[in-house]
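To start, the structure itself, in structure tokens.
What you see below is based on every heavy atom in this structure, not just the backbone, and it leaves out hydrogens, waters and symmetry mates.
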Amino acid sequence: MEHEVFVPVPAEALRAALTDPARVARCVPGFQRDVSEAATGAGEDLVGRFRLRVGGHTITYRGGLRIVERDGAITYEGEGAEARGKGVAEISLTVVLTPAAEGTGLSFTGALTATGRLAEEPEEARDTARDRLLDAFVEAAADLAAESAGTAESADAAGTRAESDGEAGPEGRTAFGTGAFDGGPGFEEDVLPEPAAPPEFPAAKPAAEAAHARRTMIGRSAEEVDHAPPRGRYAPVPAPEQGGAGATLRWVAPAAALALASAVIVTRALRRRR
């Protein structure tokens, strides 16, 4: 078994993804991991079910996989038994990472021994299934590695910015009052704006006028109240003037004086006749 592929991902990030059991489980298409206590104590890095599509058939295996690093290479050793049948498959796959200028080259070498349904499939169908499986595995691993590398770079950049901000001296500060912001004056020389004048509110209407306004709104719909000015029979009646009583007194007093004077004159005239 031999297969080669190139991915535009740094070798260190790709190696971290290929040696992490959790991420390897996500990269193998058709693999369902078993995380129960019995499975984790079986001495395998990965335990679960694996569905392999070969030709027009699907074969399900139950087994485990070990991840071993030897001399800079990554080796996957696994075995599994058919879930429905008596067939058994064993695989040993070694991956060698070669750093390049714009990524990493991967070389796969290994061997597969199988009995049962997989052994009955034509060699061409097995080769096609192998290439499709490895390509999908490498593509998923590269995506996870690129994502991890991008997250690490963002964290490093944030840490570098924080360190540079913390190491800046008094002359490099741009806070108010230092006079170092675009060469402008310090806080002491700034001219503070005058406080804004308090808002003016209209004077409250007299109680009599307010009560009159409330009376004129009784019986009108919401639309008629909202639209101003109202017309027709719903037009508000002008409020009575508060100076009406004073105007009445101004003409009543002369009339009363005139009547009193007339009465005095008439009384004197009657006395003379007698």
Side-chain angles (χ1 to χ4, degrees), residues 1-9 11 13-36 38-100 103-145:
M1 182 188 300
E2 294 182 358
H3 191 73
E4 293 184 355
V5 67
F6 177 84
V7 292
V9 178
L14 191 59
R15 180 180 296 276
L18 294 177
T19 55
D20 183 11
R23 285 189 279 184
V24 170
R26 296 172 56 186
C27 296
V28 179
F31 180 76
Q32 182 178 0
R33 188 179 184 184
D34 186 0
V35 294
S36 61
T40 54
E44 307 286 350
D45 293 323
L46 291 174
V47 177
R49 298 164 59 93
F50 174 61
R51 300 180 62 185
L52 177 63
R53 182 75 174 177
V54 182
H57 305 87
T58 300
I59 307 174
T60 302
Y61 291 93
R62 292 180 179 176
L65 181 70
R66 293 179 298 277
I67 305 175
V68 183
E69 292 189 71
R70 297 192 186 101
D71 301 329
I74 305 171
T75 301
Y76 301 99
E77 299 175 350
E79 60 277 335
E82 293 181 6
R84 297 181 181 180
K86 299 181 180 180
V88 177
E90 295 182 0
I91 185 174
S92 177
L93 182 65
T94 301
V95 187
V96 178
L97 281 65
T98 304
T104 306
L106 291 88
S107 300
F108 293 87
T109 58
L112 171 67
T113 58
T115 60
R117 297 175 58 187
L118 182 59
E120 298 173 357
E121 294 290 337
E123 182 178 358
E124 182 180 358
R126 293 198 301 267
D127 293 343
T128 302
R130 175 201 64 196
D131 295 341
R132 182 174 63 249
L133 178 62
L134 292 178
D135 288 340
F137 172 73
V138 172
E139 182 179 358
D143 292 341
L144 290 178

For residues L65 and F31, determine if any side-chain heavy atom of one lies less than 4.5 Å from a side-chain heavy atom of the other. no
Say you draw a straight line from CG of L106 to OG1 of T98; how long is it, rounded to the nearest 0.5 Å? 8.0 Å
Which heavy atom in V9 sits nearest to a heavy atom in A145, and how many Å separate them? CG1-CB, 3.7 Å
Please find the pair of heavy atoms, one from R62 and one from A83, that lie closest to each other, and give the distance. NE-CB, 4.2 Å
Where do V54 and A129 come nearest, in terms of heavy atoms and distance? CG2-CB, 4.1 Å
Nearest 0.5 Å please: distance from the OG1 atom of T128 over to the CG atom of L133. 12.5 Å
Where P29 and F137 come nearest, the two heavy atoms and their spacing: CD-N, 4.5 Å
Ignoring hydrogens, what is the shortest heavy-atom contact between V96 and A73? Give both atom names and the distance. CG2-CB, 4.1 Å
dist D127:CG -> R132:CZ (nearest 0.5 Å) comes out at 11.5 Å
Counting only heavy atoms from other residues, nucleotides and ligands, does the tally under 6.0 Å from CZ of R51 exceed 12? no
If you count the non-hydrogen atoms of other residues, nucleotides and ligands that lie under 6.0 Å from CD in Q32, is the total more than 12? no
In this structure, which one of L144, I67, I74, D45 forms a side chain to side chain contact (heavy atoms under 4.5 Å, CB included) with V24? I67
In terms of the angle between their ring planes, are H3 and F108 parallel, tilted or perpendicular, with boundaries placed at 30° and 60°? tilted
Pair R66 + E79, salt bridge at N-O below 4.0 Å: yes
Could you check whether atom CZ of R26 has more than 12 heavy atoms from other residues, nucleotides or ligands sitting under 6.0 Å from it? no
Looking at G87, is its backbone amide N or carbonyl O close enough to the side chain of R117 to form a donor-acceptor pair, meaning the two atoms are under 3.5 Å apart? no
Tell me the side chain to side chain donor-acceptor pair (under 3.5 Å) pairs involving residues 80-92, sequence neighbours left out? none
Can any side-chain N or O of R23 pair as donor or acceptor with the backbone N or O of A16 at less than 3.5 Å? yes
Please examine the side chains of R49 and D34, heavy atoms only from C-beta on, and report whether any two atoms are closer than 4.5 Å. no
From L112 atom CG to R130 atom CZ, the distance as rounded to the nearest 0.5 Å: 10.0 Å
Kindly give the heavy-atom pair with the smallest separation between A100 and F6, and that separation in Å. CB-CE1, 3.8 Å
Could you tell me whether the side chain of L134 reaches within less than 4.5 Å of the side chain of L93, counting heavy atoms only? yes
